[in-house]
Amino acid sequence: MKILAIETSCDDTAAAVLENNMVLSNVISSQIDLHSQWGGVVPDIAKRAHQERIMPVIAEALRKGLNLKSKGKKIEEIIGEGMKNIDVIAVTLGPGLAIALSVGVNKSKELAIKYKKKLVAVNHIEGHLLSNWVKNSKEKPFRKIEFPALTLTASGGHTKIILMQDIGKYEVVGETLDDAAGEALDKASKLLGLGYPGGPVIERLAKAGDVNFMELPRPMEHAKNLDYSFSGLKTSFYYRIKDWPKSEVNKNLENLAASFQNAVFESLLIKFRKAVEIYRPKTLLASGGVMANLELRKRLRKLAKDNKLKIFMPFRKDLNTDNAMMIGVAGYYKALRGEFVKNIEELDRDPRAMI
Ligand code: KG4
Ligand code: ZN
């Protein structure tokens with residue numbers, strides 16, 4: 001089954017071509033340069049950028065994935081030729097930014113109708129979960145993922161612990177009540193004057209910093225449930241440094257980054273560890289943009305080892321952050337289950353989609 005996958009839920013315009021769950025091509029046009037000066041994603045700017053980029057991104061994914069000759073051809077011609085070889089279109093329906101989602105959803109509807117293709121609508125979080133099932137064009141990596149699997153997904157938009165009984169069978173057992181883990185890192189980065197996205201820059205600075213420099217809370221640590229809260233952490237960080245002169249903040253950037261990052265990661269791990277004790281899964285999985293962080297990956301591997309469990313995380317860096325490969329794989333499994341969109345004309349984005 002050849003799949004064209006489209007993802008526009010936030011600030012990446014992404015398309016990929018897959019053969020079942022194997023990636024044949026992966027194209028991402030990041031909008032970081034457009035949003036960084038605002039310290040976060042600006043919806044109107046994201047919408048316009050998605051609209052401008054979606055056709056060239058799809059054409060490039062089809063060209064690369066299907067080895068099409070593109071010299072002297074218009075974008076529409078490349079897409080027309082590529083679509084002949086596509087069986088299914090998979091698109092992110094939500095959750096995400098409404099006006100950004102609309103761009104991908106409308107384009108996928110247009111293509112499905114014009115080229116008479118089947119369409120599957122994918123939940124973005126399911127995409128992150130199934131990023132651990134993505135394979136390269138040589139069918140690697142080979143993974144035997146046993147169920148039940150317990151997954152930690154942490155990104156700019158979500159922080160969830162999900163119990164998976166199978167592909168397609170999910171139960172959210174813990175989640176953030178306010179900000180997501182990545183969002184907390186992004187907000188701390190903004191407070192420190194370090195720009196957006198915060199995760200990668202905080203990771204780089206934290207390497208040389210002292211995690212004990214500033215004592216910060218671990219919100220919800222003692223709550224019985226498996227839920228998270230990150231907005232209080234950000235607020236206490238803000239009050240701790242708000243009266244510091246800029247020079248003092250700048251002198252201590254590494255230590256501040258290390259202390260804040262450590263508080264976020266410890267919070268993530270406290271609840272995930274608790275969830276492992278409660279649900280006794282056979283496998284652990286992690287996904288989402290925050291898993292690009294090597295320190296967090298190291299700590300998760302240790303948690304798995306302590307519990308004599310296998311842990312799988314996305315095998316390439318660009319599979320952690322938003323991408324269309326994971327949407328293609330989630331779409332593949334939905335297509336196998338026959339879950340196609342029945343009335344394509346009426347399909348509408350679902351910014352608050354639940355998994
Ligand atoms: O999955 P993603 O691309 O988008 C959402 O679905 O939200 O995640 C983006 C988030 C941002 O908050 C970003 O700061 C964070 O992932 N992130 C990282 C790293 N790279 C991206 N956080 C920690 N360390 C990183 N290396
Ligand atoms: Zn995401």
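Starting from 1, each residue takes its place in the sequence as its number. These numbers were taken from a predicted model, which means no experiment stands behind them. Only heavy atoms go into these numbers, but all of them, side chains included; no hydrogens, no water, no symmetry mates.
Aromatic ring orientation, H124 versus H158: tilted (interplanar angle from 30° to 60°).
Side-chain contact of Q31 with S29: a donor-acceptor pair under 3.5 Å is absent, judged by distance alone. T283 and E146 share no side-chain donor-acceptor pair at under 3.5 Å. Counting only N and O atoms by type, the side chains of S231 and D179 include no donor and acceptor under 3.5 Å apart. Remark: the T13 side chain and the T8 side chain contain no N/O donor-acceptor pair separated by less than 3.5 Å. For the 3.5 Å distance criterion, the side chains of R299 and N293 fail to qualify, holding no donor opposite an acceptor. Side-chain atoms of N123 and Y170 form no donor-acceptor pair, as typed in the model, at a separation below 3.5 Å.
Grouping the Ile, Leu, Val, Met, Phe, Trp and Tyr side chains by contacts below 4.5 angstrom, directly or via other members, places Y238 with I241.
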Kindly indicate, with the supporting measurements, whether the criterion side chain to side chain contact (heavy atoms under 4.5 Å, CB included) is fulfilled by S137 and M22. CA-CA 5 Å; S137 58; M22 271 179 352; 5.5 Å; no

Check the pair L62, M83 against side chain to side chain contact (heavy atoms under 4.5 Å, CB included), reporting the backbone distance first and the verdict last. CA-CA 8 Å; L62 290 168; M83 288 311 296; 4.3 Å; yes

Test L18 against Y332 for side chain to side chain contact (heavy atoms under 4.5 Å, CB included), laying out the working first. CA-CA 9 Å; L18 294 92; Y332 165 63; over 6 Å; no

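Checking side-chain atoms of K271 against main-chain N and O of G174 turns up no donor-acceptor pair under 3.5 Å. Using a distance-only test at 3.5 Å, with no hydrogens or angles considered, no donor-acceptor pair links the side chain of N255 to the main chain of G209. Side-chain atoms of D348 do not come within 3.5 Å of backbone N or O of E346 as any donor-acceptor pair.
Partner of I162 under the side-chain contact (heavy atoms from CB on, under 4.5 Å) criterion, out of I355, V173, L152: I355 alone. In summary, of the residues considered (L303, N132, L300, L285), a side-chain contact (heavy atoms from CB on, under 4.5 Å) with I311 occurs for L300 alone.
The shortest non-hydrogen separation linking R297 to M291 is NH1-O, 2.8 Å.
For the atom pair L253 CG and L205 CG, the distance stands at 6.0 Å (nearest 0.5 Å).
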